[in-house]
Amino acid sequence: MSLLGILKGRGPNGFGYRSTAEEVTYGIDLTGRTYLVTGCSSGLGLETLRVLHLRGAHVVALARTEEGARLALARHAARGTPLACDLSEPGSVRACVARVQDLGRRLDGIICNAGVMALPSLEQKYGLEMQFLVNHMGHFLLVTGVRDTLADKGRVVMLSSGAHSAAPRGGIEFDNLSGERGYGPWKAYGQSKLANVLMAKELARRLSGTGRTSNAVHPGVIRTRLNRHMNVVVRGGMAMVAPLFLKNVRQGAATQCYVATHPAAEAVTGEYFADCNIARPSRDASDAALAERLWHVSEELARRLV
Ligand SMILES: NC(=O)c1ccc[n+]([C@@H]2O[C@H](COP(=O)([O-])OP(=O)(O)OC[C@H]3O[C@@H](n4cnc5c(N)ncnc54)[C@H](OP(=O)(O)O)[C@@H]3O)[C@@H](O)[C@H]2O)c1
(Lines give C-alpha, C1' and ligand atoms only; values in the text may rest on other atoms or scores of the structure.)
Protein backbone atom coordinates (compact mmCIF):
# COMPACT_ATOMS: atom_id res chain seq x y z
CA MET A 1 0.00 0.00 0.00
CA SER A 2 1.28 3.50 -0.80
CA LEU A 3 2.25 5.99 1.89
CA LEU A 4 -0.66 8.19 0.86
CA GLY A 5 -2.92 5.17 1.15
CA ILE A 6 -1.84 4.71 4.76
CA LEU A 7 -2.32 8.39 5.59
CA LYS A 8 -5.65 8.92 3.86
CA GLY A 9 -8.76 7.79 5.67
CA ARG A 10 -12.14 6.64 4.48
CA GLY A 11 -14.96 8.95 3.43
CA PRO A 12 -18.54 9.17 4.73
CA ASN A 13 -19.65 6.09 2.80
CA GLY A 14 -16.89 3.90 4.29
CA PHE A 15 -14.83 3.82 1.09
CA GLY A 16 -11.78 5.92 0.34
CA TYR A 17 -8.40 6.27 -1.29
CA ARG A 18 -7.41 2.66 -0.59
CA SER A 19 -10.64 1.03 -1.77
CA THR A 20 -10.37 -1.16 -4.83
CA ALA A 21 -12.94 -1.74 -7.57
CA GLU A 22 -13.48 -5.25 -6.20
CA GLU A 23 -14.13 -3.91 -2.70
CA VAL A 24 -16.65 -1.24 -3.73
CA THR A 25 -18.62 -3.78 -5.80
CA TYR A 26 -18.40 -6.61 -3.26
CA GLY A 27 -21.80 -8.29 -2.83
CA ILE A 28 -23.37 -6.43 -5.79
CA ASP A 29 -24.96 -8.82 -8.27
CA LEU A 30 -24.84 -7.34 -11.77
CA THR A 31 -26.29 -10.39 -13.50
CA GLY A 32 -28.56 -9.25 -16.32
CA ARG A 33 -27.06 -5.76 -16.34
CA THR A 34 -25.19 -4.18 -19.27
CA TYR A 35 -22.41 -1.59 -19.03
CA LEU A 36 -20.70 0.20 -21.88
CA VAL A 37 -17.04 1.08 -21.17
CA THR A 38 -14.84 3.19 -23.47
CA GLY A 39 -11.06 2.71 -23.55
CA CYS A 40 -11.26 -0.83 -22.20
CA SER A 41 -7.97 -1.90 -23.82
CA SER A 42 -5.74 -0.80 -20.95
CA GLY A 43 -5.40 0.79 -17.51
CA LEU A 44 -8.54 1.74 -15.62
CA GLY A 45 -10.89 0.69 -18.43
CA LEU A 46 -9.49 -2.84 -18.54
CA GLU A 47 -9.78 -3.17 -14.74
CA THR A 48 -13.33 -1.80 -14.87
CA LEU A 49 -14.23 -4.37 -17.53
CA ARG A 50 -12.72 -7.16 -15.39
CA VAL A 51 -14.61 -6.21 -12.23
CA LEU A 52 -17.96 -5.59 -13.94
CA HIS A 53 -17.65 -9.03 -15.52
CA LEU A 54 -16.65 -10.54 -12.14
CA ARG A 55 -19.95 -9.22 -10.71
CA GLY A 56 -21.94 -10.79 -13.53
CA ALA A 57 -22.46 -7.90 -15.96
CA HIS A 58 -22.41 -8.01 -19.75
CA VAL A 59 -19.81 -5.48 -20.90
CA VAL A 60 -20.11 -3.61 -24.18
CA ALA A 61 -16.38 -3.10 -24.56
CA LEU A 62 -15.20 -0.22 -26.74
CA ALA A 63 -11.66 0.27 -28.03
CA ARG A 64 -10.12 2.00 -31.00
CA THR A 65 -10.50 -1.24 -32.95
CA GLU A 66 -12.85 -4.20 -32.58
CA GLU A 67 -9.81 -6.46 -32.31
CA GLY A 68 -8.52 -4.39 -29.35
CA ALA A 69 -11.89 -4.70 -27.62
CA ARG A 70 -12.04 -8.45 -28.35
CA LEU A 71 -8.56 -8.93 -26.85
CA ALA A 72 -9.54 -6.99 -23.72
CA LEU A 73 -12.57 -9.23 -23.16
CA ALA A 74 -10.52 -12.36 -23.91
CA ARG A 75 -7.86 -11.33 -21.40
CA HIS A 76 -10.39 -11.82 -18.60
CA ALA A 77 -12.49 -14.47 -20.33
CA ALA A 78 -15.30 -11.94 -19.99
CA ARG A 79 -18.67 -12.19 -21.71
CA GLY A 80 -19.43 -9.07 -23.63
CA THR A 81 -19.71 -7.33 -26.95
CA PRO A 82 -16.52 -5.93 -28.52
CA LEU A 83 -17.02 -2.79 -30.60
CA ALA A 84 -14.72 -0.40 -32.44
CA CYS A 85 -14.96 3.23 -31.40
CA ASP A 86 -12.16 5.62 -32.31
CA LEU A 87 -13.17 8.74 -30.43
CA SER A 88 -11.07 10.95 -32.72
CA GLU A 89 -13.16 9.85 -35.72
CA PRO A 90 -16.79 11.02 -35.74
CA GLY A 91 -17.61 8.37 -38.38
CA SER A 92 -16.29 5.61 -36.11
CA VAL A 93 -18.25 6.95 -33.13
CA ARG A 94 -21.47 7.16 -35.16
CA ALA A 95 -20.99 3.63 -36.52
CA CYS A 96 -20.51 2.47 -32.93
CA VAL A 97 -23.69 4.25 -31.84
CA ALA A 98 -25.60 2.38 -34.57
CA ARG A 99 -24.10 -0.96 -33.42
CA VAL A 100 -25.08 -0.24 -29.80
CA GLN A 101 -28.63 0.61 -30.86
CA ASP A 102 -28.79 -2.62 -32.89
CA LEU A 103 -27.81 -4.69 -29.84
CA GLY A 104 -31.26 -4.07 -28.41
CA ARG A 105 -29.86 -3.95 -24.86
CA ARG A 106 -30.74 -1.32 -22.26
CA LEU A 107 -27.57 0.19 -20.85
CA ASP A 108 -27.39 0.23 -17.06
CA GLY A 109 -24.27 2.33 -17.25
CA ILE A 110 -22.05 4.20 -19.70
CA ILE A 111 -18.52 4.70 -18.42
CA CYS A 112 -16.70 7.30 -20.53
CA ASN A 113 -13.22 6.22 -19.52
CA ALA A 114 -11.01 6.59 -22.61
CA GLY A 115 -8.60 9.47 -22.72
CA VAL A 116 -5.34 10.96 -23.92
CA MET A 117 -3.16 13.21 -21.79
CA ALA A 118 -0.72 16.05 -22.29
CA LEU A 119 0.17 15.66 -25.98
CA PRO A 120 3.58 17.40 -26.14
CA SER A 121 2.78 19.53 -29.17
CA LEU A 122 -0.42 20.69 -30.79
CA GLU A 123 -2.26 17.94 -32.68
CA GLN A 124 -5.48 18.71 -34.51
CA LYS A 125 -8.19 16.87 -36.37
CA TYR A 126 -11.36 18.32 -37.84
CA GLY A 127 -10.07 21.73 -36.75
CA LEU A 128 -10.13 20.76 -33.06
CA GLU A 129 -7.32 20.26 -30.56
CA MET A 130 -6.92 16.49 -30.14
CA GLN A 131 -7.56 16.17 -26.39
CA PHE A 132 -10.74 18.23 -26.67
CA LEU A 133 -11.78 16.07 -29.62
CA VAL A 134 -11.06 12.66 -28.02
CA ASN A 135 -11.77 13.29 -24.35
CA HIS A 136 -14.80 15.53 -24.79
CA MET A 137 -16.31 15.63 -28.32
CA GLY A 138 -15.92 11.90 -29.01
CA HIS A 139 -17.72 11.10 -25.76
CA PHE A 140 -20.33 13.81 -26.41
CA LEU A 141 -21.19 12.20 -29.77
CA LEU A 142 -21.28 8.74 -28.21
CA VAL A 143 -23.39 9.57 -25.15
CA THR A 144 -25.90 11.76 -26.97
CA GLY A 145 -26.12 9.05 -29.65
CA VAL A 146 -26.89 6.15 -27.28
CA ARG A 147 -28.77 8.17 -24.65
CA ASP A 148 -32.13 6.62 -25.57
CA THR A 149 -30.80 3.15 -24.82
CA LEU A 150 -30.13 4.06 -21.16
CA ALA A 151 -32.12 1.91 -18.74
CA ASP A 152 -34.65 3.58 -16.42
CA LYS A 153 -32.02 3.97 -13.72
CA GLY A 154 -29.07 4.07 -16.11
CA ARG A 155 -25.98 5.94 -14.99
CA VAL A 156 -23.50 7.95 -17.06
CA VAL A 157 -20.01 8.25 -15.57
CA MET A 158 -17.54 10.71 -17.07
CA LEU A 159 -13.85 10.17 -16.31
CA SER A 160 -12.46 13.58 -15.47
CA SER A 161 -9.34 14.38 -13.45
CA GLY A 162 -8.14 16.66 -10.69
CA ALA A 163 -6.21 18.22 -13.58
CA HIS A 164 -9.48 19.86 -14.67
CA SER A 165 -8.38 22.78 -12.51
CA ALA A 166 -5.45 23.34 -14.93
CA ALA A 167 -7.97 24.53 -17.54
CA PRO A 168 -7.45 28.08 -18.83
CA ARG A 169 -8.76 30.99 -16.80
CA GLY A 170 -12.48 31.29 -17.46
CA GLY A 171 -12.80 27.56 -18.19
CA ILE A 172 -13.25 26.71 -21.86
CA GLU A 173 -11.60 28.78 -24.60
CA PHE A 174 -14.55 28.67 -26.98
CA ASP A 175 -12.70 30.96 -29.38
CA ASN A 176 -9.63 28.69 -29.40
CA LEU A 177 -10.92 25.11 -29.61
CA SER A 178 -8.37 24.51 -32.36
CA GLY A 179 -5.70 25.09 -29.67
CA GLU A 180 -3.65 27.32 -31.96
CA ARG A 181 -3.43 30.25 -29.57
CA GLY A 182 -0.85 29.45 -26.90
CA TYR A 183 -0.94 25.64 -26.84
CA GLY A 184 0.16 24.02 -23.57
CA PRO A 185 -0.09 20.23 -22.98
CA TRP A 186 -1.53 20.52 -19.44
CA LYS A 187 -3.76 23.46 -20.22
CA ALA A 188 -5.30 21.53 -23.12
CA TYR A 189 -5.66 18.34 -21.06
CA GLY A 190 -7.13 20.37 -18.17
CA GLN A 191 -9.63 22.00 -20.51
CA SER A 192 -10.76 18.63 -21.87
CA LYS A 193 -11.15 17.24 -18.34
CA LEU A 194 -13.08 20.35 -17.27
CA ALA A 195 -15.33 19.68 -20.28
CA ASN A 196 -15.93 16.16 -18.88
CA VAL A 197 -17.20 17.56 -15.54
CA LEU A 198 -19.30 20.22 -17.27
CA MET A 199 -20.83 17.67 -19.64
CA ALA A 200 -21.72 15.39 -16.70
CA LYS A 201 -23.33 18.34 -14.93
CA GLU A 202 -25.41 19.56 -17.87
CA LEU A 203 -26.45 16.00 -18.76
CA ALA A 204 -27.60 15.54 -15.14
CA ARG A 205 -29.76 18.62 -15.52
CA ARG A 206 -31.21 17.31 -18.77
CA LEU A 207 -31.90 13.88 -17.23
CA SER A 208 -33.42 15.24 -14.02
CA GLY A 209 -36.73 13.63 -13.12
CA THR A 210 -36.05 10.54 -15.27
CA GLY A 211 -34.29 8.34 -12.69
CA ARG A 212 -31.18 8.38 -14.87
CA THR A 213 -28.05 9.98 -13.51
CA SER A 214 -24.82 11.56 -14.69
CA ASN A 215 -21.69 12.20 -12.63
CA ALA A 216 -17.98 12.88 -13.10
CA VAL A 217 -15.08 11.24 -11.30
CA HIS A 218 -11.42 11.84 -10.54
CA PRO A 219 -9.89 8.36 -10.24
CA GLY A 220 -6.73 9.42 -8.37
CA VAL A 221 -3.19 9.40 -9.75
CA ILE A 222 -2.22 6.00 -11.14
CA ARG A 223 0.74 4.92 -13.25
CA THR A 224 -0.84 3.69 -16.49
CA ARG A 225 -0.10 4.08 -20.19
CA LEU A 226 -1.77 7.48 -19.93
CA ASN A 227 1.69 8.92 -19.23
CA ARG A 228 3.00 7.68 -22.60
CA HIS A 229 3.39 11.23 -23.92
CA MET A 230 5.43 12.44 -20.96
CA ASN A 231 9.20 12.49 -21.28
CA VAL A 232 11.26 9.55 -20.14
CA VAL A 233 12.61 11.35 -17.05
CA VAL A 234 9.12 12.13 -15.73
CA ARG A 235 7.96 8.58 -16.49
CA GLY A 236 10.99 7.19 -14.63
CA GLY A 237 10.24 9.49 -11.69
CA MET A 238 6.62 8.31 -11.61
CA ALA A 239 7.76 4.70 -11.58
CA MET A 240 9.98 5.43 -8.57
CA VAL A 241 7.38 7.25 -6.49
CA ALA A 242 4.46 5.04 -7.53
CA PRO A 243 4.72 2.62 -4.59
CA LEU A 244 4.78 5.52 -2.13
CA PHE A 245 2.45 8.10 -3.59
CA LEU A 246 0.26 6.68 -6.35
CA LYS A 247 -2.79 4.45 -6.42
CA ASN A 248 -2.54 1.10 -8.14
CA VAL A 249 -4.88 0.26 -11.01
CA ARG A 250 -7.24 -1.75 -8.75
CA GLN A 251 -7.69 1.33 -6.56
CA GLY A 252 -7.79 3.67 -9.58
CA ALA A 253 -10.84 1.91 -11.06
CA ALA A 254 -12.75 1.98 -7.76
CA THR A 255 -14.43 5.39 -8.02
CA GLN A 256 -15.93 4.80 -11.46
CA CYS A 257 -17.12 1.31 -10.48
CA TYR A 258 -18.65 2.72 -7.28
CA VAL A 259 -20.52 5.50 -9.08
CA ALA A 260 -21.66 3.15 -11.88
CA THR A 261 -22.94 0.31 -9.70
CA HIS A 262 -23.27 0.94 -5.99
CA PRO A 263 -26.86 1.13 -4.67
CA ALA A 264 -25.90 4.11 -2.47
CA ALA A 265 -25.06 6.13 -5.59
CA GLU A 266 -28.26 5.23 -7.47
CA ALA A 267 -29.97 8.60 -7.08
CA VAL A 268 -26.89 10.81 -6.88
CA THR A 269 -26.54 13.02 -9.93
CA GLY A 270 -24.63 16.09 -11.13
CA GLU A 271 -21.77 15.45 -8.69
CA TYR A 272 -18.00 15.09 -8.87
CA PHE A 273 -16.45 12.14 -7.05
CA ALA A 274 -12.93 11.40 -5.83
CA ASP A 275 -11.82 8.46 -3.68
CA CYS A 276 -15.36 7.01 -4.07
CA ASN A 277 -16.98 9.95 -2.30
CA ILE A 278 -18.53 13.24 -3.39
CA ALA A 279 -15.85 15.90 -3.70
CA ARG A 280 -15.71 19.54 -4.65
CA PRO A 281 -14.53 20.40 -8.19
CA SER A 282 -13.12 23.78 -9.28
CA ARG A 283 -15.32 26.87 -9.42
CA ASP A 284 -15.50 26.72 -13.23
CA ALA A 285 -16.61 23.07 -13.01
CA SER A 286 -19.57 24.14 -10.85
CA ASP A 287 -20.65 26.87 -13.29
CA ALA A 288 -24.06 25.81 -14.64
CA ALA A 289 -24.10 28.53 -17.31
CA LEU A 290 -20.69 27.41 -18.61
CA ALA A 291 -21.93 23.79 -18.68
CA GLU A 292 -24.98 24.79 -20.71
CA ARG A 293 -22.90 26.86 -23.11
CA LEU A 294 -20.48 23.96 -23.66
CA TRP A 295 -23.43 21.68 -24.42
CA HIS A 296 -24.79 24.07 -27.06
CA VAL A 297 -21.36 24.57 -28.64
CA SER A 298 -20.82 20.79 -28.67
CA GLU A 299 -24.18 20.26 -30.40
CA GLU A 300 -23.15 22.81 -33.01
CA LEU A 301 -19.73 21.13 -33.48
CA ALA A 302 -21.41 17.72 -33.71
CA ARG A 303 -23.45 18.95 -36.69
CA ARG A 304 -20.20 19.99 -38.39
CA LEU A 305 -18.25 16.82 -37.59
CA VAL A 306 -19.06 14.53 -40.47
N1 LIG B 1 -4.03 7.42 -14.69
C2 LIG B 1 -4.25 8.53 -14.00
O3 LIG B 1 -3.46 8.94 -13.12
C4 LIG B 1 -5.48 9.35 -14.25
C5 LIG B 1 -5.71 10.47 -13.46
C6 LIG B 1 -6.84 11.25 -13.69
C7 LIG B 1 -7.72 10.90 -14.70
N8 LIG B 1 -7.47 9.80 -15.48
C9 LIG B 1 -8.43 9.49 -16.56
O10 LIG B 1 -8.72 8.10 -16.52
C11 LIG B 1 -9.06 7.64 -17.82
C12 LIG B 1 -8.38 6.31 -18.10
O13 LIG B 1 -6.98 6.54 -18.14
P14 LIG B 1 -5.89 5.41 -17.86
O15 LIG B 1 -5.04 5.92 -16.78
O16 LIG B 1 -6.53 4.08 -17.73
O17 LIG B 1 -5.04 5.53 -19.22
P18 LIG B 1 -4.67 4.45 -20.36
O19 LIG B 1 -4.16 3.20 -19.75
O20 LIG B 1 -3.80 5.19 -21.31
O21 LIG B 1 -6.06 4.15 -21.03
C22 LIG B 1 -6.67 5.08 -21.89
C23 LIG B 1 -7.60 4.35 -22.82
O24 LIG B 1 -8.17 5.31 -23.71
C25 LIG B 1 -8.06 4.78 -25.03
N26 LIG B 1 -8.03 5.81 -26.05
C27 LIG B 1 -7.10 6.78 -26.25
N28 LIG B 1 -7.38 7.46 -27.37
C29 LIG B 1 -8.50 6.92 -27.90
C30 LIG B 1 -9.27 7.17 -29.05
N31 LIG B 1 -8.95 8.12 -29.94
N32 LIG B 1 -10.36 6.40 -29.28
C33 LIG B 1 -10.70 5.43 -28.43
N34 LIG B 1 -10.00 5.11 -27.33
C35 LIG B 1 -8.91 5.86 -27.07
C36 LIG B 1 -6.76 3.98 -25.01
O37 LIG B 1 -6.73 3.11 -26.13
P38 LIG B 1 -5.32 2.73 -26.83
O39 LIG B 1 -4.68 1.79 -25.86
O40 LIG B 1 -5.73 2.13 -28.12
O41 LIG B 1 -4.56 4.01 -26.97
C42 LIG B 1 -6.88 3.30 -23.66
O43 LIG B 1 -7.69 2.16 -23.76
C44 LIG B 1 -8.69 8.77 -18.79
O45 LIG B 1 -9.87 9.45 -19.19
C46 LIG B 1 -7.82 9.69 -17.96
O47 LIG B 1 -7.91 11.05 -18.36
C48 LIG B 1 -6.38 9.02 -15.26
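Every number for a ligand or one of its atoms is a count from 1 in the order of the listing.
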Exercise. Between Phe273 and Tyr258, what is the ring plane arrangement, given parallel below 30°, perpendicular above 60°, and tilted in between?
Worked result: tilted
For this session: Check whether any heavy atom of Gly138 sits under 4.0 Å from an atom of ligand 1.
Result: no
Problem set entry | Met117, portion touching ligand 1 at heavy-atom distance under 4.0 Å | neither
Problem set entry | Qualifying residue, where the test is side-chain contact (heavy atoms from CB on, under 4.5 Å) with Ile222 and the options are Arg250, Lys247, Glu47 | Lys247
For this session: Output the list of atoms in ligand 1 that are nearer than 4.0 Å to some heavy atom of Gly43, sorted by atom number.
Result: 16 (O), 19 (O)
For this session: List every atom of ligand 1 that sits less than 4.0 Å from any heavy atom of Leu87, numbering the atoms from 1 in the order shown and giving each element.
Result: 30 (C), 31 (N), 32 (N), 33 (C)
Exercise. Would you find more than 12 non-hydrogen atoms of other residues, nucleotides or ligands less than 6.0 Å from Arg94 atom CZ?
Worked result: yes
Exercise. Would you call the rings of Tyr189 and Trp186 parallel, tilted or perpendicular if under 30° counts as parallel and over 60° as perpendicular?
Worked result: perpendicular
Exercise. Given Leu44, Asn113, Leu159, which has its nearest heavy atom closest to atom 44 (C) of ligand 1?
Worked result: Asn113
Problem set entry | Winner among Ile111, Asp86, Ile222 once heavy atoms are compared against atom 3 (O) of ligand 1 | Ile222
Exercise. Considering distance alone, does some N or O of Gly115 sit under 3.5 Å from an N or O of ligand 1?
Worked result: yes
Exercise. What atoms in ligand 1 come closer than 4.0 Å to a heavy atom of Ser42?
Worked result: 18 (P), 19 (O), 21 (O), 42 (C), 43 (O)
Exercise. Per the side-chain contact (heavy atoms from CB on, under 4.5 Å) rule, which among Val259, Ile278, Thr213 passes with Val268?
Worked result: Ile278
For this session: Find the distance between CG (Leu142) and CG (Leu62) and round it off to the nearest 0.5 Å.
Result: 6.0 Å
Exercise. Can you tell me if Gly252 has a non-hydrogen atom under 4.0 Å from ligand 1?
Worked result: no
For this session: Provide the number and element of each atom of ligand 1 under 4.0 Å from a heavy atom of Ser88.
Result: 31 (N)
Seminar exercise, completed: Rounded to the nearest 0.5 angstrom, the CG-CG distance for Leu107 and Leu150 is 6.0 Å
For this session: Tell me, please: is Ala63 in heavy-atom contact with ligand 1, that is, under 4.0 Å?
Result: no
Seminar exercise, completed: Taken to the nearest 0.5 Å, the spacing of Gln256 CD from Cys276 SG works out to 10.0 Å
For this session: Flag Arg225 as yes when one of its N or O atoms lies below 3.5 Å from any N or O atom of ligand 1, and as no otherwise.
Result: yes
Exercise. So is Gly68 in contact with ligand 1, going by heavy-atom distances below 4.0 Å?
Worked result: no
Exercise. With a cut-off of 4.0 Å, which atoms of ligand 1 are near a heavy atom of Val221?
Worked result: 3 (O)
Problem set entry | Crowding at CZ, Arg283 (>12 non-hydrogen neighbours, <6.0 Å) | no
For this session: Decide, yes or no, whether a salt bridge links Lys125 with Glu89 under the criterion of side-chain N to carboxylate O below 4.0 Å.
Result: yes
For this session: Between Cys85 and ligand 1, find which residue part has any heavy-atom pair under 4.0 Å and reply side chain, backbone, both or neither.
Result: backbone
For this session: Take every heavy atom of Glu47, measure it against each atom of ligand 1, and state whether any distance is under 4.0 Å.
Result: no
Exercise. Under 4.0 Å from any heavy atom of Ser41, which atoms of ligand 1 are there?
Worked result: 37 (O), 38 (P), 39 (O), 40 (O), 42 (C), 43 (O)
For this session: State the atoms of ligand 1, each with its element, that fall below the 4.0 Å cut-off from a heavy-atom position in Tyr189.
Result: 7 (C), 8 (N), 46 (C), 47 (O)
Exercise. Less than 4.0 Å between a side-chain N and a carboxylate O, is that true for Arg70 and Glu66?
Worked result: yes
Exercise. Hey, which atoms in ligand 1 end up nearer than 4.0 Å to a heavy atom of Val116?
Worked result: 27 (C), 28 (N)
For this session: Compute the centroid of each ring, for Tyr35 and then for His58, and state whether the two points are separated by less than 6.0 Å.
Result: no
